[in-house]
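This report refers to the structure that appears directly beneath it.
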There are 2 protein chains.
Amino acid sequence: MSNVMPLLAAFERAGHRITSPRLAVANLIAARDGHFAAADLVADARRDRLAIGRATIFRALELLIELGAVERLDLPTGEHAYVSCEPAHHHHVVCSSCGRTSEIDDAGLRAFVDEVARRTGYALESHRLELFGRCPACRSNGAA
Amino acid sequence: MSNVMPLLAAFERAGHRITSPRLAVANLIAARDGHFAAADLVADARRDRLAIGRATIFRALELLIELGAVERLDLPTGEHAYVSCEPAHHHHVVCSSCGRTSEIDDAGLRAFVDEVARRTGYALESHRLELFGRCPACRSNGAA
DNA sequence: TCGCTTGATGATACTGAGTCTCAACACGCG
DNA sequence: CGCGTGTTGAGACTCAGTATCATCAAGCGA
């Protein structure tokens, strides 16, 4: 459960209208804990009897990704998932029990990337890093 | 262009038969430079007039992934791709021009992961890291 | 207020990756 | 030979994501 505001702000900042379908999608995303699939949003919309087309949900999602307010991640299983997040470069730590994510900033990664560049001779442009494990809450719960 | 042997060895080690379709798939993979999509293999097989079913290619690929002789990676675009590689924990540096990959071992990542675990309190189980950039060859070529 | 332009929407068809099903086949073994 | 298990290929299917297109709503100038 996060806040809708950053999502709406992202729309506005980029000069897109905040229409009622977009607001609805933003609400659905904000109401979600942890990562979710596009299909989840579609299901949520249907559950709530929202008259939002599938295409619209995908479009809103795509827009938010482009604006950096939502990020796409790849679970260890190879599935794609989405998370709403701050629009700054960072990485995610994903709880393999509850699916919640935490964001982490550099934490020394920069040095690691430089080291790899030095060793391989590549001019590194971007990277993708995702960490998976059990979050503190799930650990203390001992829950699945 | 890599070697077929490790792929065949992976099949044998796990007690799977090296049948002619599997051999063919291994050859197609070995003949590939850099990463490839499953569809590429299907196309290659067709081009070479090989009588191999689509399903068989996917099955062989799945098996090789399970055995660690092939890894699935996620390109920055969100597409899935495969690369053949050593069956040990490591990460890939992918050339964004030519698609070739290099493998890197720890290179200090371990310390980084520990640091993240310390900061977030997560019990980290696995991670996924991919780096993208231009390889030395492409850099000196100035080629696209 | 009318009417135009532009962005947004929703239904639907489509694509493409990957999976599932199932009947047929091939090997190893008694 | 005849059985059992592992493998195969064709094709149907699923599911995420995209493309098409006619409709609709908001903003704006005349």
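Residue numbers begin at 1 in each chain, while the letters A, B, ... track the order of the sequences.
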Does Thr56(B) have a side-chain nitrogen or oxygen under 4.0 Å from the phosphate oxygens OP1 or OP2 of dG9(D)?
-> yes

Rounded to the nearest 0.5 Å, how far does CD1 of Ile29(A) lie from CG of Asn3(A)?
-> 13.0 Å

Among the nucleotides dT9(C), dG9(D), dG10(C), whichever has the atom closest to the side chain of Ile52(A) is dG10(C)

Rounded interatomic separation in angstrom, taking CD1 from Ile57(B) and P from dT7(D) = 17 Å

Using a cut-off of less than 4.0 Å, is there contact between a side-chain N or O of Thr19(B) and OP1 or OP2 of dG6(D)?
-> no

Is the backbone of Ser97(A) close enough, under 3.5 Å, to the side chain of Arg134(A) for a donor and an acceptor to pair up by distance?
-> no

Using only side-chain N and O atoms of Arg17(B), determine if any of them is under 4.0 Å from OP1 or OP2 of dG28(C).
-> no

Glu79(A): side-chain hydrogen bond (donor to acceptor under 3.5 Å, both in side chains) partners, not counting sequence neighbours = Thr77(A)

Separation of atom CG in Asp74(B) from atom P in dG18(C), rounded to whole Å | 10 Å

Phosphate OP1/OP2 of dT7(D) contacted by His16(B) side-chain N/O (<4.0 Å) = yes

Ignoring hydrogens and angles, answer whether the base of dG18(C) and the side-chain atoms of Arg59(B) contain a donor-acceptor pair closer than 3.5 Å.
-> no

Interatomic distance where CD1 belongs to Ile18(A) and P belongs to dA8(C) [whole Å] = 12 Å

Could you check Glu103(A), His127(A), Arg128(A) and say which one makes a side chain to side chain contact (heavy atoms under 4.5 Å, CB included) with His91(A)?
-> His127(A)

Gap between atoms CG and C1', on Leu63(A) and dT9(C) respectively (whole Å) = 14 Å

Take the protein atom CG of Leu23(B) and the nucleotide atom P of dT8(D), then report the distance between them rounded to whole Å.
-> 11 Å

Between protein and nucleotides 15-18 of chain D, what N or O pairs are separated by less than 3.5 Å?
{"residue": "dG17(D)", "atom": "OP1", "partner": "Tyr82(A)", "partner atom": "OH", "Å": "3.0"}
{"residue": "dG17(D)", "atom": "OP2", "partner": "Tyr82(A)", "partner atom": "OH", "Å": "3.2"}
{"residue": "dG17(D)", "atom": "N7", "partner": "Arg54(A)", "partner atom": "NH2", "Å": "2.5"}
{"residue": "dG17(D)", "atom": "O6", "partner": "Arg54(A)", "partner atom": "NH2", "Å": "2.8"}

Side-chain atoms of residues 55-72 of chain B: list all donor-acceptor pairs with protein atoms under 3.5 Å, sequence neighbours left out, distances to 0.1 Å.
none

Here the distance between atom C1' of dC27(C) and atom CZ of Arg22(B), to the nearest Å, is 13 Å

Rounded to whole Å, the CZ-C1' distance (Phe11(A) to dG7(C)) equals 13 Å

Atom pair NE2/CG of His35(B) and Asp40(B) - distance to nearest 0.5 Å | 9.5 Å

To the nearest Å, how far apart are Glu79(B) CD and dA17(C) P?
-> 9 Å

Residues Asp114(A) and Arg110(A) bridged, charged N to O under 4.0 Å = yes

